Amino acid sequence: MSATKTDVVVIGAGPGGYVAAIRLGQLGKKAMVIERDKPGGVCLNVGCIPSKALITAAKHYEKIAALGDMGIAVTGRSFDWTKMQSWKDGVVGKLTGGVAQLVKANGGQIVKGEAFVRRAGLVEVNTPEGKQEIETSHVVVATGSRPIDLPGLPFDGQRVIDSSRALSLAEVPRRLAVIGGGYIGLELGFMYRKLGTEVTVVEMLDQVLPGFDDDLAKAVARSLKKKGIETLLASKATGLEKIDGGVRLTVQTPDGARSVECDHVLVTVGRRPNSGGLGLEGCGVAIDAKGFVTVDEQRRTNVPGVWAIGDVAGQPMLAHKAYREAEVAAECIAGHSAAFDVRAIPAVCFTDPEVAVVGLSEREAAQQGRKVKVGKVPFGAVSRAVTNHDVEGYVKVLIDESTREILGAAAVGHEASELIAEAGLAIEMAGFAEDVALTIHAHPTLAEAIKEAAAAAIGEAIHVLNR
Ligand code: FAD
């Protein structure tokens with residue numbers, strides 16, 4: 001078998017892998033991306049993109065009911081799930097097609113196959129046409145992650161399903177049990193509820209969205225209740241039996257055992273890095289106890305010429321974290337000086353209401369004993385939110401009590417996902433409350449909420465009372 005040669009082999013064409021290939025191309029390096037499935041990885045095919053497409057469609061469908069308040073009469077309301085699915089697939093197709101084109105336009109190549117690292121510098125690929133060997137100076141491992149299943153509740157793709165399957169069910173389920181009250185489970189739970197599914201969420205801890213500030217999680221918990229989603233907190237799924245037309249899930253709750261009958265059980269209890277079976281151990285690449293490849297600031301592993309980025313290289317498992325790591329690794333491979341040296345990584349839950357956070361949370365500030373001030377502005381005081389007929393939620397900005405540096409921010413409500421970027425920029429630029437408060441924001445916009453919250457943190461808000 002004669003070996004092909006390339007500057008860099010990237011394993012995986014998800015947000016980590018394809019961005020690395022594009023950046024490498026921009027810097028004059030030829031990248032060969034090996035992908036066993038589809039270009040775009042989890043994010044574009046079975047993650048961020050299809051979930052948000054369906055969430056948006058379900059949101060529009062739900063919103064029709066509220067249009068009457070604005071004087072818009074809509075008689076009859078219905079949806080076509082098959083069309084909704086093909087629209088979602090169209091969105092995925094457009095974006096994954098764009099990824100393949102961009103890699104190619106930057107001099108890279110996506111090869112379909114399963115990669116195995118024989119040693120640093122030599123990658124074996126099982127392609128549909130047979131085995132191929134690739135000699136290279138650098139290997140970038142961007143193999144992502146996969147859903148974790150629960151002991152006793154293995155995924156069967158029919159009744160016990162993972163998030164990928166939940167995005168392409170043939171029918172909208174009548175009843176859905178979601179195990180895991182993190183962002184993935186709740187996003188899908190809200191989406192199906194809007195389309196009429198009876199949803200029950202089972203969460204082992206005593207709050208949904210564990211890890212988020214209590215007030216943010218409570219806002220989502222209130223909405224779950226309002227929308228008729230039952231939430232069983234401090235509860236554990238312990239058994240499953242098949243019944244006519246579905247399954248019966250046994251759940252241990254603080255009030256005793258409960259059974260939940262449903263068409264499908266969606267298990268969203270976390271994801272596990274794809275670091276095994278790739279040959280990494282054989283090459284001596286260090287992998288931690290949780291299965292993450294250990295990397296330094298440049299995203300180098302302990303083995304020269306082997307790099308790792310994205311979900312496989314550690315938390316947070318988010319596409320935008322993978323993007324940045326990909327740029328850093330590509331730049332270092334091309335001989336530039338770069339490091340993954342970020343002050344804050346935003347995180348968004350596309351729940352209803354949306355929750356978005358960046359930087360230090362109030363909980364973390366308390367744990368660290370930091371003296372902070374919090375400026376909070378409810379959307380009810382933001383004129384654009386009122387005109388949007390969407391006043392639920394608020395924005396809060398956390399500043400250091402003495403220096404007034406912005407340390408963190410959170411938003412809960414309509415378009416929270418869009419608002420958080422400004423706070424991220426402020427933190428990255430080591431900005432102070434005044435930097436945001438003195439910046440003129442266009443009126444009327446939701447972004448004014450960030451400005452007002454920064455002003456509120458220093459007692460200078462105009463449209464809310466300063467406390
Ligand atoms: P992946 O996207 O997992 O890509 C890895 C690729 O490597 C895969 O295509 C895989 O087939 C390939 N691969 C693995 N092993 C091999 C091998 N041996 N040979 C060849 N190819 C291989 N993140 C956000 O930031 N925002 C969101 O809104 C969001 N929503 C999500 C919703 C859901 C339902 C899910 C499941 C995830 C969501 N995520 C979201 C997380 C996001 O999808 C991941 O963080 C992101 O995809 C990680 O990118 P990656 O490149 O590291 O890996």
Side-chain angles (χ1 to χ4, degrees), residues 9-21 32-56 88 92 95-96 99-100 110-117 123-127 132 134 139-148 161-168 178 180 182-189 191 266-280 292-293 295 299 307-326 329 345-351 354-356 417 420:
V9 168
V10 180
I11 309 179
Y18 82 74
V19 171
M32 200 180 253
V33 187
I34 317 300
E35 173 54 60
R36 65 181 175 196
D37 203 344
K38 293 181 189 151
V42 167
C43 173
L44 274 82
N45 292 289
V46 288
C48 328
I49 299 305
S51 62
K52 267 85 252 184
L54 290 177
I55 286 166
T56 302
K88 175 260 293 176
V92 169
L95 296 177
T96 50
V99 160
I110 300 182
V111 174
K112 172 113 184 158
E114 175 116 25
F116 185 86
V117 187
V123 178
E124 191 176 285
V125 186
N126 257 319
T127 75
Q132 193 185 337
I134 309 170
V139 177
V140 178
V141 180
T143 47
S145 62
R146 62 189 185 283
I148 295 176
I161 58 173
D162 62 14
S163 56
S164 305
R165 183 84 187 93
L167 290 165
S168 59
V178 178
Y183 86 92
I184 293 179
L186 293 190
E187 286 184 3
L188 296 175
M191 185 270 285
L266 166 60
V267 179
T268 52
V269 293
R271 297 182 62 86
R272 183 173 280 143
N274 291 328
S275 55
L278 262 176
L280 298 181
F292 292 114
V293 177
V295 288
R299 295 312 180 243
W307 310 67
I309 55 175
D311 283 7
V312 76
Q315 299 281 7
M317 292 197 198
L318 292 170
H320 42 277
K321 178 258 201 183
Y323 285 165
R324 181 69 198 125
E325 290 181 312
I345 301 173
V348 175
C349 310
F350 291 83
T351 41
E354 289 183 357
V355 176
S417 51
I420 208 66

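The structure presented is a predicted model; accordingly, all values stated were derived computationally and were not measured. Counting starts at 1 for both ligands and their atoms, following the listed order. Just so you know, residue 1 is the first one in the sequence shown, and it goes up from there. Atoms considered below: every heavy atom in the structure, side chains included; atoms not considered: hydrogens, waters and symmetry mates.
Summarising the geometry of A319 relative to C48, their closest heavy-atom pair is CB-SG, 4.1 Å, with the distance given to 0.1 Å. Annotation for A308 and V293: closest pair CB-CG1, 3.6 Å, computed over non-hydrogen atoms.
Looking at ligand 1, you'll find an N or O of G16 within less than 3.5 Å of one of its N or O atoms. In terms of N/O distances under 3.5 Å, ligand 1 is approached by R36. Residue L318 places at least one N or O, backbone or side chain, under 3.5 Å from an N or O of ligand 1. Remark: ligand 1 and S163 share no N or O pair separated by less than 3.5 Å (distance only, no angle test). Backbone and side-chain nitrogen or oxygen atoms of E35 are examined, and one is located within less than 3.5 angstrom of a nitrogen or oxygen of ligand 1. In terms of N/O distances under 3.5 Å, ligand 1 is not approached by G47. When only interatomic distances are considered, the shortest N/O to N/O separation between I11 and ligand 1 does not fall below 3.5 Å. Checking only distances, P15 does come within under 3.5 Å of ligand 1, N or O to N or O. Considering backbone and side-chain atoms alike, A115 places an N or O below 3.5 Å from some N or O of ligand 1. At a 3.5 angstrom cut-off on N or O pairs, V42 counts as close to ligand 1.
The C43 neighbourhood of ligand 1 comprises atoms 2 (O), 43 (O), 47 (O), with distances under 4.0 Å to a heavy atom of that residue. Near A142, meaning under 4.0 Å from any of its heavy atoms, are these atoms of ligand 1: 5 (C), 6 (C), 7 (O). Those atoms of ligand 1 with a heavy atom of M317 less than 4.0 angstrom away are 41 (C), 45 (O). Ligand-side atoms of ligand 1 in range of G12: 6 (C), 7 (O), 12 (C), range being under 4.0 angstrom from any heavy atom. Atoms of ligand 1 found under 4.0 Å from any heavy atom of D37, numbered from 1 in the order shown, are 11 (O). Close contacts of ligand 1 with G14, meaning ligand atoms under 4.0 Å from a residue heavy atom, involve 2 (O), 4 (O), 51 (O). If you number the atoms of ligand 1 from 1 as listed, the ones under 4.0 Å from a heavy atom of G310 come out as 52 (O). Proximity to G113 (heavy-atom distance under 4.0 Å) selects the following atoms of ligand 1: 19 (N), 20 (C).
The side chain to side chain contact (heavy atoms under 4.5 Å, CB included) test with I184 is passed by exactly one of P147, S51, S163, C349: S163. Here the options are I309, L280, V295, the test is side chain to side chain contact (heavy atoms under 4.5 Å, CB included), and the partner is V141; only L280 passes.
Side-chain contact between K38 and V92 is absent, with no heavy-atom pair separated by less than 4.5 Å. Side-chain contact between Y18 and P39 is absent, with no heavy-atom pair separated by less than 4.5 Å. Side-chain contact check for P273 versus V312: some heavy-atom pair is nearer than 4.5 Å. Counting heavy atoms from C-beta on, the side chains of E325 and W307 never come closer than 4.5 Å.
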Can M32 and V125 be said to form a side chain to side chain contact (heavy atoms under 4.5 Å, CB included), step by step? CA-CA 11 Å; M32 200 180 253; V125 186; over 6 Å; no

I'd like to know whether F292 forms a side chain to side chain contact (heavy atoms under 4.5 Å, CB included) with Q315, so could you lay out the CA-CA distance, the side-chain angles of the two residues, the decisive distance to 0.1 Å, and finally the verdict. CA-CA 9 Å; F292 292 114; Q315 299 281 7; 3.9 Å; yes

The test is side chain to side chain contact (heavy atoms under 4.5 Å, CB included); show your working for L188 and L167 and say whether it passes. CA-CA 8 Å; L188 296 175; L167 290 165; 3.6 Å; yes

Steps toward side chain to side chain contact (heavy atoms under 4.5 Å, CB included) verdict (I11, V117): CA-CA 9 Å; I11 309 179; V117 187; 3.7 Å; yes

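The shell of residues lying under 4.0 angstrom from ligand 1, judged by heavy atoms, excludes V312. At least one heavy atom of R271 lies less than 4.0 angstrom from ligand 1. Remark: distances from the non-hydrogen atoms of L188 to ligand 1 are all 4.0 Å or more.
Among protein heavy atoms, the minimum distance from atom 25 (O) of ligand 1 is reached at A319 N, 2.8 Å. Atom 42 (C) of ligand 1 has C48 SG, 3.9 Å as its closest protein atom, hydrogens excluded (heavy atom only). Counting protein heavy atoms only, atom 53 (O) of ligand 1 is closest to G144 CA, 3.1 Å. Considering only non-hydrogen protein atoms, atom 28 (O) of ligand 1 sits nearest to K52 NZ, 2.7 Å. For atom 44 (C) of ligand 1, the closest non-hydrogen atom on the protein side is D311 OD2, 3.4 Å.
One distance of note links CG of N45 with OG of S168; it measures 11.0 Å at 0.5 Å rounding. To the nearest 0.5 Å, the span separating CD on Q132 from CD on E124 amounts to 10.5 Å. The line from OG1 of T268 to CG of D162 is 10.0 Å long, rounded to the nearest 0.5 Å. The distance from atom CD1 of I34 to atom OG1 of T143, rounded to the nearest 0.5 Å, is 13.0 Å.
Distances from atom 34 (C) of ligand 1 to the heavy atoms of I309, I184, L278, I55 put I184 nearest. For atom 41 (C) of ligand 1, the nearest non-hydrogen atom from the set Y323, F116, Y183 comes from Y183.
Considering only residues two or more places apart in sequence or on other chains, E187 meets the salt bridge (Lys or Arg N to Asp or Glu O under 4.0 Å) condition with K52.
At a heavy-atom distance under 4.0 Å, only backbone atoms of S145 (N, CA, C or O) approach ligand 1.
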